[in-house]
Number of protein chains: 2
Amino acid sequence: MDVSFCGGFMRRRATAKNVADAAGVSKWTVIRAFTPGASITEESKRRVLQAAAALNYSPNLLARSLATNLTHQVAVFVDDFANPQKLPFLETLTDRLQAEGLVAMLININNHFDHVRALLNADQRQVDAIIMFGTAFRSETLNDRRLGRSMPPMFVLARDSQIDGVPAVVCDAELALKEIVDHLYEKGYRRPGFMAGAPALSTALRRRHHFIDFWKQKGVDETAVISAERYSAQAGAESVRHYLQNTDAKDRVDVLMCENDILAIGALDEIRGQFGLRVPQDMAVIGFDNYELGGASVYGLSTYEQPKDEMVEVVIEMITGRLPPETVTLPGKLIVRNSA
Amino acid sequence: MDVSFCGGFMRRRATAKNVADAAGVSKWTVIRAFTPGASITEESKRRVLQAAAALNYSPNLLARSLATNLTHQVAVFVDDFANPQKLPFLETLTDRLQAEGLVAMLININNHFDHVRALLNADQRQVDAIIMFGTAFRSETLNDRRLGRSMPPMFVLARDSQIDGVPAVVCDAELALKEIVDHLYEKGYRRPGFMAGAPALSTALRRRHHFIDFWKQKGVDETAVISAERYSAQAGAESVRHYLQNTDAKDRVDVLMCENDILAIGALDEIRGQFGLRVPQDMAVIGFDNYELGGASVYGLSTYEQPKDEMVEVVIEMITGRLPPETVTLPGKLIVRNSA
DNA sequence: TTGTATGCGTTATCAC
DNA sequence: GTGATAACGCATACAA
């Protein structure tokens with residue numbers, strides 16, 4: 001046996017061959033002892049397991065992957081770490097993946113590591129699937145000549161997919177915005193505003209579109225659109241500050257819908273703290289995501305909650321093949337507090 | 001060549017053998033074309049690369065790992081997804097890992113998947129290293145009989161390591177608490193309180209210990225300790241509510257140090273919003289972590305910033321072997337705003 | 001510089 | 001039920 005010592009401990013892991021020698025059987029019998037449902041006598045299995053325990057043997061998953069063409073690894077692409085809402089999603093996602101014997105390779109999509117490089121890398125590492133978690137990517141990306149024709153199955157989570165054959169699992173934006181606008185209308189607001197983050201994102205555009213559209217259906221034709229630089233509290237604050245400084249009080253919106261809670265919290269903070277306005281009396285605010293802090297009493301932020309657990313569940317079911325890979329839209333829940 | 005069709009596209013990836021056949025060389029020449037610094041003629045390399053591009057060939061990293069005993073995968077253990085501070089750390093960590101050609105396997109440590117299972121799994125997957133990111137684990141864990149004697153190198157990030165041979169990279173707690181106490185003393189506070197989260201964690205204990213200790217050095221012998229159930233704004237709020245309800249105004253602390261910003265934000269919210277007290281006049285508050293929202297104007301939370309980038313850098317250097325695997329303690333930075 | 005043989009630790013398939 | 005042979009795709013060592 002090839003043994004090198006390092007710090008007094010064996011460095012190499014024991015292999016099936018080692019266990020076989022120790023148990024006095026062939027290595028295939030060892031494999032069988034570790035294969036559920038394989039045909040092997042109780043006696044053999046017992047001896048193998050005992051020898052395995054003594055040698056601290058466990059199958060090398062790398063070698064197994066090479067032989068089976070299955071790595072049980074799923075790449076998870078993330079490109080926006082500013083939104084704290086990513087964290088509970090990641091928690092649920094990793095937990096559910098692990099329950100299925102899968103593991104998440106967390107891949108940071110940024111300027112140094114774009115979608116094409118990430119796809120190439122994930123493909124080279126033979127992942128079983130790729131989850132684009134909240135990251136938008138364009139169809140051109142898939143047509144990049146560096147990419148092979150046989151990418152692993154891809155899924156978009158918490159964002160729309162414009163790509164044919166790449167299913168998405170999303171919160172129903174139309175239903176969400178309908179519920180939000182219905183609620184705001186009922187509360188008596190008539191001069192709506194919308195704070196948008198990244199303008200290029202389909203999900204963002206969709207929310208904005210539905211927001212404006214449902215107000216039109218109520219006979220309110222004009223919706224102010226305010227844009228923020230990024231998805232952060234700072235950006236939300238700056239954005240609303242600019243708006244308030246440049247808009248006469250009589251012309252201002254009476255309710256501001258922010259694309260997510262982080263923007264909303266920044267905006268709320270600025271509206272009350274810096275401009276001394278009352279929320280919701282002078283200007284109401286509503287967000288999206290139900291980020292924990294929004295529920296804190298200083299904020300009391302009204303918002304809309306995405307069905308996180310169900311969304312993750314559906315992606316898992318698709319990855320494991322228990323559900324067909326088709327776009328699924330799930331209903332969320334309006335959370336009414338006192339900001340709107 | 002073994003080709004199966006699926007949706008009109010080839011399903012199997014091209015192998016070195018395929019490229020070799022196409023280029024009219026042996027597969028070892030193909031390998032050489034993809035091995036930096038290998039001895040190969042320009043002409044051969046050109047032909048191989050051309051054939052490889054035509055076939056969309058790229059080396060199978062799985063097979064490479066099996067042969068080299070290096071997966072370029074690093075397991076990252078996380079057990080607390082409630083602290084949003086994890087996100088910027090994960091962002092930096094994944095970015096730096098990727099820059100080194102490594103990738104992070106994000107592993108969720110929870111009731112269903114404890115440290116032993118996670119270690120076993122990471123080992124079976126042949127990861128090159130394991131980073132315990134903010135997760136405490138006891139030395140008994142390493143002695144679990146299910147674990148082999150040849151675990152991958154382990155590192156603890158952003159938390160103390162009590163384990164011999166497992167280096168930690170941490171923010172200098174002693175220096176941090178000294179700076180904090182010095183600042184608070186200078187501001188005139190004399191009745192300190194400390195809000196603690198999980199009581200079992202060494203990092204937590206250390207912060208508390210130093211806080212109490214430095215006050216003693218200033219001649220302030222009594223530090224009230226308030227404990228929160230979890231690390232969340234809710235828990236921080238509940239904890240301080242309980243304290244305020246059960247403590248006469250004259251007996252209350254004049255400054256409350258919270259173990260992290262999330263607790264501090266919850267506490268701040270409760271102190272001002274529900275009890276109508278002024279911060280910092282009636283009660284000052286200081287946190288730890290410099291979470292973005294703490295800097296928002298409603299909070300103006302004074303806090304202490306961990307040297308995130310440097311900490312991650314040091315872990316990376318240790319993993320890549322450029323730095324010896326020894327515990328490193330780095331200085332952070334006091335951020336003074338107006339809450340204390 | 002290039003080709004050959006062998007090994008990495010499994011799994012799949014076939015004889016016994 | 002068990003052992004043997006081939007294969008997974010690449011890397012290393014050696015020979016030509």
Side-chain angles (χ1 to χ4, degrees), chain A residues 1-4 11-49 51-52 55-73 123-126 128 148 150, chain B residues 1-4 11-48 52 55-72 123-128 148 150:
Chain A
M1 177 180 163
D2 182 5
V3 180
S4 52
R11 180 55 202 144
R12 290 195 94 77
R13 293 170 47 97
T15 74
K17 181 78 179 75
N18 302 140
V19 177
D21 292 347
V25 297
S26 74
K27 64 172 177 173
W28 295 278
T29 302
V30 174
I31 302 287
R32 287 191 182 94
F34 283 88
T35 307
S39 51
I40 183 175
T41 55
E42 274 306 314
E43 170 61 10
S44 298
K45 188 164 185 173
R46 198 189 54 71
R47 285 175 56 196
V48 168
L49 259 34
L55 292 171
N56 268 129
Y57 168 81
S58 61
N60 181 329
L61 296 186
L62 206 59
R64 173 177 293 177
S65 293
L66 185 62
T68 58
N69 239 333
L70 248 52
T71 56
H72 299 284
Q73 298 194 154
D123 186 37
Q124 271 195 279
R125 289 185 186 273
Q126 317 290 114
D128 293 344
S150 66
Chain B
M1 177 179 165
D2 182 4
V3 180
S4 52
R11 182 54 205 145
R12 288 196 96 77
R13 293 169 48 97
T15 75
K17 181 78 178 74
N18 302 139
V19 177
D21 292 346
V25 296
S26 75
K27 65 172 176 174
W28 294 277
T29 303
V30 174
I31 303 285
R32 288 190 182 93
F34 283 89
T35 307
S39 52
I40 182 175
T41 56
E42 275 305 314
E43 169 60 11
S44 296
K45 189 164 184 174
R46 198 190 54 71
R47 284 175 55 195
V48 168
L55 292 171
N56 267 128
Y57 168 81
S58 61
N60 180 330
L61 296 185
L62 205 59
R64 174 177 290 176
S65 294
L66 186 62
T68 58
N69 238 335
L70 247 52
T71 56
H72 299 284
D123 185 37
Q124 271 194 281
R125 288 185 186 273
Q126 318 291 113
V127 298
D128 293 345
S150 66

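Atom set for the values below is all heavy atoms of this structure, side chains included, hydrogens, waters and symmetry mates excluded.
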Would you list the pairs meeting salt bridge (charged side-chain N to carboxylate O under 4.0 Å, His left out) in which at least one residue belongs to residues 21-34 of chain A, sequence neighbours left out?
A:Lys17-A:Asp21
Does any non-hydrogen side-chain atom of B:Tyr57 lie less than 4.5 Å from one of B:Pro59?
yes
Sequence neighbours left out, what passes side-chain contact (heavy atoms from CB on, under 4.5 Å) with A:Ser58? Give chain and number order.
A:Arg13, B:Gln124
Gap separating the CD1 atom of A:Ile40 from the CH2 atom of A:Trp28, nearest 0.5 angstrom
14.0 Å
With sequence neighbours left out, what residues match B:Ala63 under side-chain contact (heavy atoms from CB on, under 4.5 Å)?
A:Leu66, B:Asn60
Listed partners of B:Asn56 passing side-chain hydrogen bond (donor to acceptor under 3.5 Å, both in side chains), at least two apart:
none
Rounding to a whole Å, what distance do you find between A:Leu70:CG and D:dC8:P?
16 Å
Annotated protein contacts, base or backbone, on nucleotides 9-16 of chain D with a non-hydrogen cut-off under 4.0 Å, one of B, S, - each
BBBBB---
Within the structure, does a side-chain N or O atom of A:Thr29 lie under 4.0 Å from either OP1 or OP2 of D:dG3?
yes
Can you name the side-chain hydrogen bond (donor to acceptor under 3.5 Å, both in side chains) partners of A:Thr68, sequence neighbours left out?
none
What is the distance, to the nearest angstrom, from the CG atom on B:Leu62 to the C1' atom on C:dG9?
12 Å
Could you list by number each residue of residues 41-48 of chain A showing a heavy-atom separation from DNA chain D of less than 4.0 Å, or answer none if no residue does?
A:Thr41, A:Ser44
Over the length of the helix from C:dT1-D:dA16 to C:dC16-D:dG1, how much do the five-pair end axes diverge, rounded to 10 degrees?
40°
With sequence neighbours excluded, residues passing salt bridge (charged side-chain N to carboxylate O under 4.0 Å, His left out) with B:Glu42
none
Could I get the full list of side-chain hydrogen bond (donor to acceptor under 3.5 Å, both in side chains) partners for A:Ser65, not counting sequence neighbours?
none
Using side-chain hydrogen bond (donor to acceptor under 3.5 Å, both in side chains) as the criterion, list what pairs up with A:Thr35, not counting sequence neighbours.
none
